[in-house]
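I have placed the structure first, in the form of structure tokens, so that the comments after it can refer back to it.
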Amino acid sequence: MPTTAHDTEASPQRLTSGDYATRPVLGIVELDSTYPKARGNMANPSSFDFPVKYATAKIRPGWWLEGQGPDQSIREAFMTAALELERQGAAAITTTCGLFAVFQEHAARELNVPVFTSPLMLIPMVAGMIGPDRKVGVVTAAGNRIFEHGFLQQSGVSQSTALAVAAVDSCPEFVDVIRTQRKPDLDSQAFEDQLVGEVADMLRSHPDVGALVLECSDIPPYAHRLARETGLPVFDFTAMASLVYRACLPPTFTH
């Protein structure tokens, strides 16, 4: 399937030191979508203070709900985009859809640069941080379908890890604008309120949640409010991207 690639246009103005052209570039496989992406979304280059490059795979939002779920044609479209980013010199590769976790093992085997498909890969680390008596709260576009298709297994999550789930696909704004693209514009405040409500419902049912992991790249713009209102640490896609980028180019410290 065809793919296109484009460089970030927003990141350079945020760089404070060094030559943009000579810094490592993070490659991002993005979905084929038209809805506006807020700053903080993996698909918005102004979310980063380092160079990024995108390759668009011909895969629409909600791809994992169609037919029998993730199939070989979807994997091939994903890998075409990932391999194009590698060819163009990306130092590491990530995505704009945390459910691409289902391709993690295959991509890591086929690519010659580090690849991290999903924040779901953070769950083992977060579970170890909060201890066995508390759950990891997973905020995900998949809802309880997160337990299907190997999304968690491919992310290295043990079956014994205690999880609670908040379903982003229960938010009408998410469904109408992001998944189905029936509406052209996102009412950001409405989506934020709906999202916070879903997380609050999860916490009422699971008061033993000790941290949140945000699977979907449309949620990080609202991570600040989630952390403030829940009092919990929040781990998301953009933070994971920054972690990996720092590994590609660690900072220089003055002695």
Side-chain angles (χ1 to χ4, degrees), residues 1 3 26-32 42-43 55-86 90 92-130 135-169 179 211-220 235-241 243-245 247:
M1 295 185 183
T3 181
L26 178 66
I28 304 177
V29 177
E30 64 179 344
L31 292 168
D32 187 10
M42 292 292 289
T56 304
K58 295 301 179 182
I59 304 170
R60 292 174 59 81
W63 59 273
W64 46 274
L65 288 171
E66 298 173 3
Q68 298 301 309
D71 60 19
Q72 182 152 343
S73 67
I74 297 293
R75 188 178 76 181
E76 288 175 356
F78 172 80
M79 287 303 303
T80 296
L83 287 165
E84 176 62 19
L85 289 167
E86 180 181 75
I93 294 172
T94 188
T95 79
T96 66
C97 178
L99 298 177
F100 281 143
V102 73
F103 304 132
Q104 175 63 37
E105 289 185 7
H106 181 82
R109 185 169 58 248
E110 296 297 319
L111 295 168
N112 295 309
V113 297
V115 57
F116 56 109
T117 52
S118 174
L120 296 175
M121 297 171 69
L122 294 172
I123 291 176
M125 179 187 75
V126 174
M129 292 170 65
I130 61 177
K135 296 174 182 171
V136 178
V138 183
V139 188
T140 173
N144 284 324
R145 292 188 180 91
I146 198 67
F147 298 102
E148 302 174 3
H149 300 307
F151 295 129
L152 295 173
Q153 294 92 323
Q154 289 278 325
S155 301
V157 181
S158 168
Q159 290 185 344
S160 63
T161 302
L163 304 176
V165 174
V168 183
D169 60 352
R179 182 195 289 172
L212 301 178
V213 172
L214 312 184
E215 168 272 316
C216 176
S217 72
D218 294 291
I219 314 175
F235 298 83
D236 66 27
F237 230 145
T238 54
M240 189 179 189
L243 173 68
V244 175
Y245 189 82

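Residue numbers start at 1 and run along the sequence shown. Just so it is clear, the structure is predicted and the values come from calculations on it, not from any experiment.
- Rounded to the nearest 0.5 Å, atoms CG (L120) and CD (Q104) are 10.5 Å apart.
- The two atoms that bring A211 and V126 nearest to each other are CB-CG1, 3.6 Å, heavy atoms only.
- Nearest approach of V29 to A57, heavy atoms of both residues: CG1-CB, 4.1 Å.
- Taking all atoms of both residues into account, the shortest heavy-atom contact from T56 to D32 is CG2-CA, 3.9 Å.
- In this structure, A142 and E215 approach most closely via the heavy-atom pair N-OE1, 4.2 Å.
- Counting heavy atoms from C-beta outward, L152 and L163 have side chains that approach closer than 4.5 Å.
- We find the CE-CD1 distance between M125 and I130 to be 11.0 Å, quoted to the nearest 0.5 Å.
- Scanning both residues, P220 and C216, for their nearest heavy atoms gives CD-O, 3.3 Å.
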_Candidate pair V113 and V115, rule side chain to side chain contact (heavy atoms under 4.5 Å, CB included), full reasoning_ = CA-CA 6 Å; V113 297; V115 57; 5.9 Å; no
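- We find the CG-CG distance between L26 and L85 to be 9.0 Å, quoted to the nearest 0.5 Å.
- Listed for the S155 side chain is no donor-acceptor partner under 3.5 Å among the backbone atoms of V157.
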*Evaluate the side chain to side chain contact (heavy atoms under 4.5 Å, CB included) criterion for residues D236 and I219: first the C-alpha distance (whole Å), next the side-chain angles of each, then the deciding distance (0.1 Å), finally the verdict.*
CA-CA 8 Å; D236 66 27; I219 314 175; over 6 Å; no
*Decide side chain to side chain contact (heavy atoms under 4.5 Å, CB included) for F151 and T140; before the verdict, give the C-alpha distance in whole Å, the side-chain angles of both, and the deciding distance to 0.1 Å.*
CA-CA 11 Å; F151 295 129; T140 173; over 6 Å; no
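- Expressed to the nearest 0.5 Å, how far CG of L99 lies from CD of E148 amounts to 11.0 Å.
- How far CZ of F78 is from CG of L31: 10.0 Å, rounded to the nearest 0.5 Å.
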*Intermediate values then yes/no, side chain to side chain contact (heavy atoms under 4.5 Å, CB included), F103 and I74*: CA-CA 10 Å; F103 304 132; I74 297 293; 3.8 Å; yes
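- Note: F237 CZ to T94 OG1 = 4.0 Å, rounded to the nearest 0.5 Å.
- For the pair G143 and A167, the tightest heavy-atom approach, listed with the atom from each and the gap, is CA-CB, 3.7 Å.
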